[in-house]
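The analysis underlying the following values was restricted to heavy atoms, covering all of them including side chains, and did not include hydrogens, waters or symmetry mates.
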Amino acid sequence: MNKAKKENLINITEFQSDLVQWFQEEQRDLPWRKDKNPYKVWVSEVMLQQTRVDTVIPYYNRFLEKFPTIEAFADADEEAILKIWEGLGYYSRVRNLHSAVKEVVSEYNGIVPDTKEEISKLKGVGPYTAGAVLSIAYGKPIPAVDGNVMRVLSRILLITDDIAKSSSRKVFESAVERLMYHDNPSYFNQALMELGALICTPTSPSCLLCPVREHCQAFENGVQEELPVKTRKKKTRHEDILAVVLKNEEGKILINKRPEEGLLANLWEFPNLKIVPLLDPWETLQDFLSTEYLLDASIEQHSFTEVRHVFTHLTWTIDAYEGRLKSGEVDEYGSLRFVTEEELEELAFPVSHQKIWRAYKEQKR
DNA sequence: GAGACGTGGGT
DNA sequence: TACCCAAGTCT
């Protein structure tokens, strides 16, 4: 059955009003729903990418307290923007947002562009975020297709395209365009997502509470649990890592700034390396410090903690050692820096290295 | 187009 | 334990 035929099976006008009326009555009271300021909407949408609402709320509130206006954020330095994002993950989001905001301030007089064409040129603004900002902040009838929308529409319209494939997004965007409630695109897009979050959940959807169940082809056929079709990704690889918390005679701690591209870009970390198979860890670490960093350190024989950390595509097991070193003339050398404990806690570290730091302090007391 | 890119929570 | 998920984007 083709798409046009399938959509003839639902009454679009009734679907729109049932959905939007439900949203008006049942929507959650979320901080970013108090204000349609395009900058604030934009910040919330970037934070919500691949991230749960409950996780985002405190970050969103802190972010706008620190950077209340688009100009305030444009003026921030990178250390500050990473620190406020610390623990949220996908750190390129905040670096792209910062770059994009600076462009809006310099090229658009601080006004977030209101066309798909222009807003999509900004870093970190893909098809979803463009549609979300344009519809929520500017009331434009542009689709905002995220995972919720694909799940909801796959069920309502019995769409069986594999949502794990990037090519499927356009199928759902076309569907949203045909279903769009032009009287209130903001509510329509948000209602689709809210329905996915509250009712039309990935497992055990609450069909009996669903405001649009009479329009749902999956419910009609009892196949809501079989949709959406989504192929699974292959499993993650693993890395064993040696890390060291090194203190000099002044009590300052050696940290390293990660490269500006790739995993955890520009975040700080304790010096570390991948374990070399078959070699003694302690000797490997000692050798690494002397040959790579030209540091003469004495390392404890046994690690003080083992940290396991799981990423989406990778897992780390980090054995962390403690050590001391003599020379402390310079505070900076390349990507290395000696900092006090207070300074360290003002810098942005990935969660894996925060775990090392917490274990270190715990072991000290 | 497949893989990189984080983290915390749920089953 | 071992997945899978959560308001995606970039390369």
* Taking only residues two or more places apart in sequence, or in another chain, which ones meet A:Phe219 in a ring pair (Phe, Tyr, Trp, His ring centres under 6.0 Å)? -> none
* Structure fact -> Across all chains, not counting sequence neighbours, the ring pair (Phe, Tyr, Trp, His ring centres under 6.0 Å) partners of A:Trp22 are none
* State, with a plain yes or no, whether a side-chain heavy atom of A:Pro281 is found less than 4.5 Å away from one of A:Ile275. => no
* To do: Using side chain to side chain donor-acceptor pair (under 3.5 Å) as the criterion, list what pairs up with A:Gln224, not counting sequence neighbours.
  => none
Do any N or O atoms of the protein come closer than 3.5 Å to N or O atoms of nucleotides 1-3 of chain C, and which pairs are they?
none

* Taking only residues two or more places apart in sequence or in another chain, which ones pass side chain to side chain donor-acceptor pair (under 3.5 Å) with A:Glu78? -> A:Asn266
Distances for protein N or O near nucleotides 8-11 of chain B N or O, under 3.5 Å:
residue: B:dG8; atom: N2; partner: A:Arg52; partner atom: NH1; Å: 2.1

* Between residues 256-265 of chain A and DNA chain C, which residues have a heavy-atom gap below 4.0 Å? -> none
* **A:Phe23: partners by ring pair (Phe, Tyr, Trp, His ring centres under 6.0 Å), with sequence neighbours left out** => A:Tyr187
* Under the side-chain contact (heavy atoms from CB on, under 4.5 Å) rule, collect the residues that match up with A:Ser303, sequence neighbours excluded. => A:Asp319, A:Tyr321
* Applying side chain to side chain donor-acceptor pair (under 3.5 Å), name anything that partners A:Asn37, two or more places apart in sequence or on another chain. => none
* Kindly write out the residues that satisfy ring pair (Phe, Tyr, Trp, His ring centres under 6.0 Å) with A:Phe304, not counting sequence neighbours, or none if the list is empty. => A:Tyr360
* **Nucleic acid contacts - residues 120-129 of chain A versus DNA chain C, non-hydrogen atoms under 4.0 Å** => A:Lys123, A:Gly124, A:Val125, A:Gly126, A:Pro127, A:Tyr128, A:Thr129
